[in-house]
Structures are given as C-alpha cells and as structure tokens.
Amino acid sequence: MMNLIVTILLTAILVAAVIGLILLAVRLTQRPRNTLIGGGLGPETIEQALELKADGQFDQAVFLVRGETGMSHRAASRLVRKLRTPPAS
C-alpha cells in the first residue's frame with residue numbers, strides 16, 4: 001500500500017515538472033531574448049546610430065540601440081555593424 005502511494009506521488013511530481021517545463025518553453029518562444037521592446041527602432045534612432053558609427057563612436061551607437069530596444073549587447077553590436085547608409089537616389 002505504501003509503495004502505491006509513493007509511486008502515485010512521484011508520478012504526480014514528475015507530471016507537474018514536465019508540464020512546468022513545457023509552459024516555460026512556450027513562454028520563452030513567445031518572447032525571445034533579443035526581440036525588440038517597444039516596436040523597435042524608429043528612423044530617427046537609426047539615423048543617430050549611423051551618425052555615431054560614422055564618427056567612430058561605435059560603442060555609443062550600440063548603447064543607443066540597447067537603450068531603445070532592450071537588446072543584449074551582442075545583438076545590438078551585430079545590428080549596428082550591419083547598419084549601412086542608404087545609397088543616394
């Protein structure tokens with residue numbers, strides 16, 4: 001009788017842990033770590049970041065992007081590196 005109760009309790013704990021992990025995984029996929037907060041970068045922010053980058057102030061451009069988006073340092077650095085001035089039309 002005691003073995004049956006222990007087995008049921010351990011099964012319930014295991015099921016609760018698996019359900020908790022599934023819920024955590026779903027929640028993490030809904031908001032990945034480097035998604036943009038507040039809708040992303042506006043044209044003014046991109047222009048400011050491009051100006052800072054052109055002036056050799058890469059770190060300040062990264063700091064600006066991080067402040068506006070909530071990105072990690074690594075992701076903001078990648079984004080600033082990829083920023084290019086649009087070709088003149």
Closest heavy-atom pair and its distance - Thr11, Thr7: OG1-O, 2.7 Å
Pairs of donor and acceptor atoms involving the side chains of residues 12-20, under 3.5 Å and at least two apart or interchain, shall be tabulated with distances.
none

How long is the straight-line distance from NZ of Lys82 back to CZ of Arg84, given to the nearest 0.5 Å? 10.0 Å
Side-chain donor-acceptor contacts of residues 40-64 below 3.5 Å, not counting sequence neighbours, with atom names and distances?
residue, atom, partner, partner atom, Å
Lys53, NZ, Val80, O, 3.0
Lys53, NZ, Arg81, O, 3.0
Lys53, NZ, Leu83, O, 2.9

Cluster membership besides Ile8, Ile/Leu/Val/Met/Phe/Trp/Tyr side chains within less than 4.5 angstrom, sorted by chain and number, is Leu4
Besides Met2, the hydrophobic cluster formed by Ile, Leu, Val, Met, Phe, Trp and Tyr side chains linked at under 4.5 Å, directly or via other members, contains none
